[in-house]
Amino acid sequence: MANETSTDINWFPGHMTKAKRRIEQSLKLVDIIIEIIDARIPISSRNPDLFDLIKSKPIIVLLNKCDMADKNRTAQWIDYFKLKGIESLAVDCKTGKGLKLFESKIRGILSDKIEAWKLKGMINRNIRAMVVGIPNVGKSSFINKMSGNNKARTEDRPGVTRGNQWFTISDRLEILDTPGILWPKFDDPKVGLNLAFTGAVKDQILDIEMLAENLLNFLKDKYFDELLSRYKLEGIDCANMTGHELLKEIGKKRGMLLSGGVIDTERAAVMLLDEFRSAKLGKITLEEVTL
Ligand code: G4P
């Protein structure tokens, strides 16, 4: 990211090593990994090291926040993961939409394993799962939604590391209550921008106007109609404007003026990002499938 600060870089190695170790330790306790990603940025919200970390452990990807993502693009992303041999599901962990299918999907992924358990006489063996994902992607929301009010935790048991607590989701599924936190990788500047657009990175460390202008350039290319109608820009030659010019136009439309009639582009930038993050601008996906 252009203006990545030293704070970003400092936390990375120590936190990441610790987080990875934690995931590695929990790995042997679970049958499947639930990776939660942001449906608006399915690539930028993944940590590419996860696959090395989990080795051959089965995985299901949840495209969360699908209530704010472009429906057609989400369907394309689900096809994309399928092509890669990964089962995925579009969900909204705030309302619980899509989660009904979750358990049957997991059973499908683990069907061979479940058969093998049965052959070994483990008829009532529960499926154990752990949740992983980057900060703010919806890990806690998912766990809360799945466990509902029945946060009945099973006690420590032989073979399970002391201190590990589980949520009993149903009579056949348990989820480790501590999700594995992974940090995104900022190597590609586009990834940094996508994370910032969606609010996964704190605004304090970012140049808000630069962000807004970049977002406007993207919207101009991919969601032109949404941009025009939200800010009533019809009749203005937006297609040939720069991100900065568009931001000024939006500030003007919303009456964001400083003394002397100067347009308050900083205020306009804050508003634009707020409206994008709350999906007032529409259901928008920032990353397209490229095969
Ligand atoms: P984390 O554990 O991975 O860090 O994420 P967490 O569940 O705390 O979720 C981070 C934010 O994302 C929360 O908003 C949460 O409500 C929101 N969120 C999670 N899943 C979804 C979803 O599917 N759709 C939408 N629209 N939002 C989702 P917050 O602003 O931090 O809190 P609040 O709005 O819940 O008060």
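When a ligand or atom number is given, it counts from 1 through the structure's own listing order.
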**Q** Taking transitive links into account, so neighbours of neighbours count too, which hydrophobic residues share a cluster with L257 at under 4.5 Å side-chain distance?
**A** I263
**Q** Give a yes or no on whether the ring-centroid distance for F276 and F218 is below 6.0 angstrom.
**A** no
**Q** Using a 4.0 Å cut-off on heavy atoms, what residues surround ligand 1? Order them by chain and number.
**A** N64, K65, D67, M68, D92, C93, K94, I134, P135, N136, V137, G138, K139, S140, S141
**Q** Hey, are D92 and T95 close enough side-chain-wise for a donor-acceptor pair under 3.5 Å?
**A** yes
**Q** Which residue pairs pass the salt bridge (charged side-chain N to carboxylate O under 4.0 Å, His left out) test with at least one member in residues 107-127, sequence neighbours excluded?
**A** D31-R125, E115-K118
**Q** Residues two or more places apart in sequence or in another chain: which of them pass ring pair (Phe, Tyr, Trp, His ring centres under 6.0 Å) with Y231?
**A** none
**Q** Return yes if some donor-acceptor pair links the side-chain N/O of K57 with the main-chain N/O of V30 below 3.5 Å, else return no.
**A** yes
